[in-house]
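Here's the structure, in structure tokens; my notes come after.
Below, chains carry the letters A, B, ... as their sequence lines are ordered, and counting in each starts from 1.
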Number of protein chains: 2
Amino acid sequence: MTEPRTRILGTACDMILADGIEGFSLRRLARCIGVTAPALYKHFDSKEDVLRAVVAEGYRTFGAYLYRALEGPTPRERFALAGQAYVAFAMEQPRYYEVIHLSPALLGFMELPEEAVGPACATRQFLEDRVRECMEAGVLKPDDSTAVATMVWAASHGIVSLYLGGLLPVPRDEFPAYFRSTIMRLFTGIGGPEFTVADPSSLPAAVTSQRQTVT
Amino acid sequence: MTEPRTRILGTACDMILADGIEGFSLRRLARCIGVTAPALYKHFDSKEDVLRAVVAEGYRTFGAYLYRALEGPTPRERFALAGQAYVAFAMEQPRYYEVIHLSPALLGFMELPEEAVGPACATRQFLEDRVRECMEAGVLKPDDSTAVATMVWAASHGIVSLYLGGLLPVPRDEFPAYFRSTIMRLFTGIGGPEFTVADPSSLPAAVTSQRQTVT
DNA sequence: GTCTATAATCCGATAGAC
DNA sequence: GTCTATCGGATTATAGAC
């Protein structure tokens, strides 16, 4: 039989994934499992403790999606698979996507939980690895790989976030293609002739800061 | 003296802007104003009614920021000012930014409130106007202006959203420059030589292959 | 328009029996 | 590890006096 703690956490994830964070309470969680609320305190110290574990589980799931992209045989393939994995995670686990990107205050935390700092760094590192190897393979222009990876991340998150928030009038079944064609414009660039240069580092505003640590 | 409804709404905005949405309640709101909770029901039907009004006010403020960009003398200037206005709004009114982009469920709504649909369309239209006139002026490549505007919006939102969520290790005073240099990569494009074309519509949809579903 | 009083419900967390 | 019972608090919302 599964450990009680595992079952509690799994049920909590299910509830939040189904109904969001707002109606979540330990009493409800206990009722869903079939026990009473005080029993939960044998496995978790508080409601916040449960939520932190849920956030950690969300990041773990997200990481699992991304990681499959490494099965691709070429840098280009791995990059494309990473994009598909990002979209797949957002569409198949929208609540997790929401929980992960939620402002800490909305979960009742005072600051970014440590469960989020590591995975956030890992996500950036993963994307940066994809970007760097694509640069070496000539699929991407030579550039600051950290800055480019951040841009790819931000653009992906922006598109998905607007979509999940209902602000993009795109049907669900068309969204993966929509995402892909939108990201394509990041590859080709949207600027006119004056912005078409092979070496972005010669641009006046192309200065990026290089800090690595999240405070 | 100001109308009661105006003062209630203003105080509600102040509270949410100061402390976020999570601790907001009608009792607290009433106490802040100096009345009792039932008095509020003479001016608003419910808590949701108050929150809808706050969301509407947030969109109104956002629109005011964006609108100032129209003072620029050229398409290129107006586009740049729009970007600066977007960043200024996000940094000066982060709670409004949060409220505006919050999932409806987190505000206690079941669906996207009508107060959000109109302004969301307006934002996209505003950006599309900037994009289109920049295309006509040759600052932007000829392309689908709706798609490009969406990309600009998504990229802007993505960068700001990651920053406000604490996921980007960028000091506050460096963020506007960081934003600008990141958006610059959207202009130049990040793709290698094969993606450097004048007419994006001639591109094969080649970066991604077929999508597979994760369970 | 504002008040008091109150209904009805929910919450997190703890004490102590078993 | 789970229970019952309970503390102490919160919330939205309504009824009716003034």
Side-chain angles (χ1 to χ4, degrees), chain A residues 1-56 95 99 102-111 113 115, chain B residues 1-56 95 99 102-111 113 115:
Chain A
M1 191 54 182
T2 59
E3 315 284 331
R5 188 187 158 96
T6 304
R7 195 166 51 133
I8 293 172
L9 195 51
T11 307
C13 289
D14 289 344
M15 290 177 62
I16 293 178
L17 287 169
D19 305 323
I21 202 76
E22 69 283 359
F24 179 76
S25 73
L26 293 190
R27 295 172 108 98
R28 244 191 256 277
L29 172 57
R31 202 182 319 137
C32 266
I33 296 174
V35 299
T36 58
L40 302 178
Y41 284 85
K42 288 289 173 185
H43 307 278
F44 295 91
D45 291 338
S46 63
K47 179 183 180 178
E48 174 172 334
D49 195 26
V50 176
L51 287 178
R52 294 169 83 95
V54 169
V55 170
R95 299 295 187 176
V99 166
L102 225 42
S103 166
L106 292 173
L107 286 173
F109 306 149
M110 292 318 291
E111 55 190 18
E115 283 84 355
Chain B
M1 190 53 184
T2 59
E3 318 279 334
R5 187 187 156 98
T6 305
R7 194 166 51 132
I8 293 172
L9 190 52
T11 307
C13 289
D14 289 345
M15 289 176 63
I16 292 178
L17 263 51
D19 305 322
I21 200 78
E22 68 283 0
F24 179 76
S25 73
L26 293 190
R27 295 172 102 96
R28 247 191 250 277
L29 172 57
R31 200 182 320 137
C32 266
I33 296 175
V35 299
T36 57
L40 302 178
Y41 284 87
K42 286 291 173 185
H43 308 278
F44 294 91
D45 291 339
S46 64
K47 179 183 181 180
E48 175 173 332
D49 195 25
V50 176
L51 288 178
R52 293 168 83 95
V54 171
V55 170
R95 300 294 188 175
V99 166
L102 225 42
S103 166
L106 293 174
L107 288 172
F109 307 151
M110 291 320 290
E111 53 190 20
E115 282 83 356

| Atom NZ of B:Lys42 to atom P of D:dT14: distance rounded to whole Å? | 11 Å
| message | Closest-nucleotide mapping onto DNA chain D: is B:Tyr41 or A:Ile8 further toward the 5' terminus? I mean the 5' end. | response | A:Ile8
| said: Nearest to the side chain of B:Ser46, heavy atoms from C-beta on, is which of D:dG1, D:dA13, C:dG12? | reply: D:dA13
| said: Taking the nucleotide of DNA chain D with the nearest heavy atom to each, does B:Ser25 or A:Val35 sit closer to the 5' end? | reply: A:Val35
| remark: Rounded to whole Å, CZ of A:Arg7 lies from C1' of D:dT2 at a distance of 12 Å
| request: In whole angstrom, give the distance that lies between atom CZ of B:Phe24 and atom P of D:dT12. | output: 8 Å
| query | So how far is it from A:Arg52 CZ to A:Asp45 CG, rounded to the nearest 0.5 Å? | reply | 10.5 Å
| Tell me: CG of A:Leu51 to P of C:dC11, nearest whole Å? | 13 Å
| field | Interatomic distance where CG belongs to B:Leu26 and P belongs to C:dT2 [whole Å] | value | 15 Å
| task | To the nearest 0.5 angstrom, please state how far the CE atom of B:Met15 sits from the OG atom of B:Ser25. | result | 6.5 Å
| task | Select one nucleotide: of C:dG1, D:dA15, D:dA5, the one nearest the side-chain heavy atoms of A:Pro38. | result | D:dA5
| Spacing between B:Arg27 atom CZ and C:dC3 atom P, to the nearest angstrom | 13 Å
| Roughly how many Å is it from CZ in B:Arg31 to P in D:dG9, rounded to a whole number? | 13 Å
| note | Correct closest heavy-atom pair for A:Ser46 and A:Tyr41 would be CA-CE2, 4.3 Å
| Which heavy atom of A:Glu22 sits nearest a heavy atom of A:Asp19, and at what distance? | OE2-O, 2.8 Å
| task | Evaluate side-chain contact (heavy atoms from CB on, under 4.5 Å) for A:Phe24 paired with A:Leu51, printing each intermediate quantity in order. | result | CA-CA 10 Å; A:Phe24 179 76; A:Leu51 287 178; 3.9 Å; yes
| query | What does A:Lys47 touch in the nucleic acid at a heavy-atom separation under 4.0 angstrom: a base, only the sugar-phosphate, or nothing? | reply | sugar-phosphate
| field | For atom CG of B:Asp49 and atom P of D:dA13, their distance in whole Å | value | 10 Å
| field | Minimal non-hydrogen separation, B:Arg5 against B:His43, with atom names | value | NH1-O, 3.3 Å
| Bend angle of the helix from C:dG1-D:dC18 to C:dC18-D:dG1, from helix axes over five pairs at each end, nearest 10° | 0°
| said: Quick one, B:Leu40 with B:Val50, criterion side-chain contact (heavy atoms from CB on, under 4.5 Å). Give me CA distance, side-chain angles, the key distance, then yes/no. | reply: CA-CA 9 Å; B:Leu40 302 178; B:Val50 176; over 6 Å; no
| remark: Side-chain contact check for A:Thr36: nearest option of D:dT4, D:dT11, D:dA15 is D:dT4
